Amino acid sequence: LYSSAASDVYKRQEWTIDSEINEMALDDASRDSAKLHSKYLSKYMTAKLHLKTKEQSLQTLLKKKWLYYNGKMTADQIESEGWEFDPFHGMKVLKGDMEYYYNADEDIQKTIMQIEYRKALVDTLKEIMGNIQWRHQNIGNMIKWRQFVSGA
């Protein structure tokens with residue numbers, strides 16, 4: 001369906017580590033902001049492209065499934081997809097009931113779930129990018145707090 005659970009955990013741990021600000025090296029943390037921005041911008045762009053690719057593949061799949069369910073595919077085409085030759089198992093299906101077959105189709109459901117996963121990944125990376133953009137503010141607040149505590 002999507003990348004392995006171990007990979008997902010690693011990705012979350014990666015941001016957990018990258019998001020830390022070492023209070024004893026605020027100058028390094030400030031300099032690292034540009035590197036983090038570049039790193040996560042690359043991940044964000046890649047995730048958006050993968051999402052778009054999967055959305056386009058869904059459109060292609062929907063067209064193929066429409067042809068399949070409406071009896072407009074050849075036996076060779078059906079065989080090459082690995083689908084059953086009679087999706088209705090001999091039943092007569094009304095046009096108004098076709099939506100039930102599309103909604104219950106495992107290939108379509110799988111692709112939709114992959115799209116939803118990619119959307120969640122894009123949203124998460126967008127949130128991370130926003131956090132990185134405000135990182136300098138957090139560092140500045142830490143410096144101001146230190147000055148206040150020290151009486152400066």
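This one's a predicted model, so the numbers in the text were calculated from it and none came from an experiment. FYI, side chains are in, hydrogens and waters are out, and symmetry mates aren't considered; it's all heavy atoms of this structure.
Side-chain atoms of Thr53 come within 3.5 Å of backbone N or O of Leu49 as a donor-acceptor pair. Between the side chain of Tyr68 and the backbone N or O of Gln77 there is no donor-acceptor pair closer than 3.5 Å. With hydrogens and angles disregarded, no donor-acceptor distance shorter than 3.5 Å links the side chain of Ser38 to the backbone of Ala34.
Taking a 4.5 Å side-chain heavy-atom cut-off between Ile, Leu, Val, Met, Phe, Trp and Tyr, the cluster of Ile21 extends to Leu26, Ile139, Met142, Ile143.
When all heavy atoms of Tyr101 and Pro87 are compared, the pair lying nearest together is CE2-O, 4.3 Å. Nearest heavy-atom pair across Leu125 and Tyr40 is CD2-CD2, 3.9 Å.
Within a 6.0 Å sphere centred on CE of Met45, heavy atoms belonging to other residues, nucleotides or ligands number 12 at most. Annotation: Tyr100, atom OH; neighbour count of heavy atoms from other residues, nucleotides and ligands within 6.0 Å does not exceed 12.
Interatomic distance, His37 NE2 to Asp32 CG, rounded to the nearest 0.5 Å: 14.5 Å. Separating the CG atom in Leu67 from the CD1 atom in Ile78 is a distance of 10.0 Å, to the nearest 0.5 Å.
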Arg31 and Asp27: CA distance, side-chain angles, deciding distance, salt bridge (Lys or Arg N to Asp or Glu O under 4.0 Å) verdict: CA-CA 6 Å; Arg31 280 191 297 273; Asp27 55 335; 3.7 Å; yes

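Side-chain heavy atoms closer than 4.5 Å link hydrophobic residues (I, L, V, M, F, W, Y) into clusters, and following such links, even through other members, never connects Leu36 to Ile17.
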Please table the atom pairs, donor to acceptor, closer than 3.5 Å between any side-chain atom in residues 127-138 and protein atoms at least two apart or in another chain.
from: Arg135; atom 1: NE; to: Ser33; atom 2: OG; distance (Å): 3.4
from: Arg135; atom 1: NH2; to: Glu20; atom 2: O; distance (Å): 3.3
from: His136; atom 1: ND1; to: Gln133; atom 2: O; distance (Å): 3.0

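Residue pairs meeting the salt bridge (Lys or Arg N to Asp or Glu O under 4.0 Å) criterion with at least one member in residues 45-68, sequence neighbours excluded: Lys52-Glu55, Lys64-Glu81, Lys65-Asp105, Lys65-Asp107.
Using cut-offs of 30° and 60° on the angle between ring planes, the pair Tyr69 and Tyr102 is perpendicular.
With sequence neighbours left out, Lys39 forms a side-chain contact (heavy atoms from CB on, under 4.5 Å) with Glu14, Asp18, Lys43. Every residue two or more places apart in sequence or in another chain that forms a side-chain contact (heavy atoms from CB on, under 4.5 Å) with Leu62 is listed here: Leu58, Gln59, Ile108. With sequence neighbours excluded, no residue satisfies salt bridge (charged side-chain N to carboxylate O under 4.0 Å, His left out) with Asp76.
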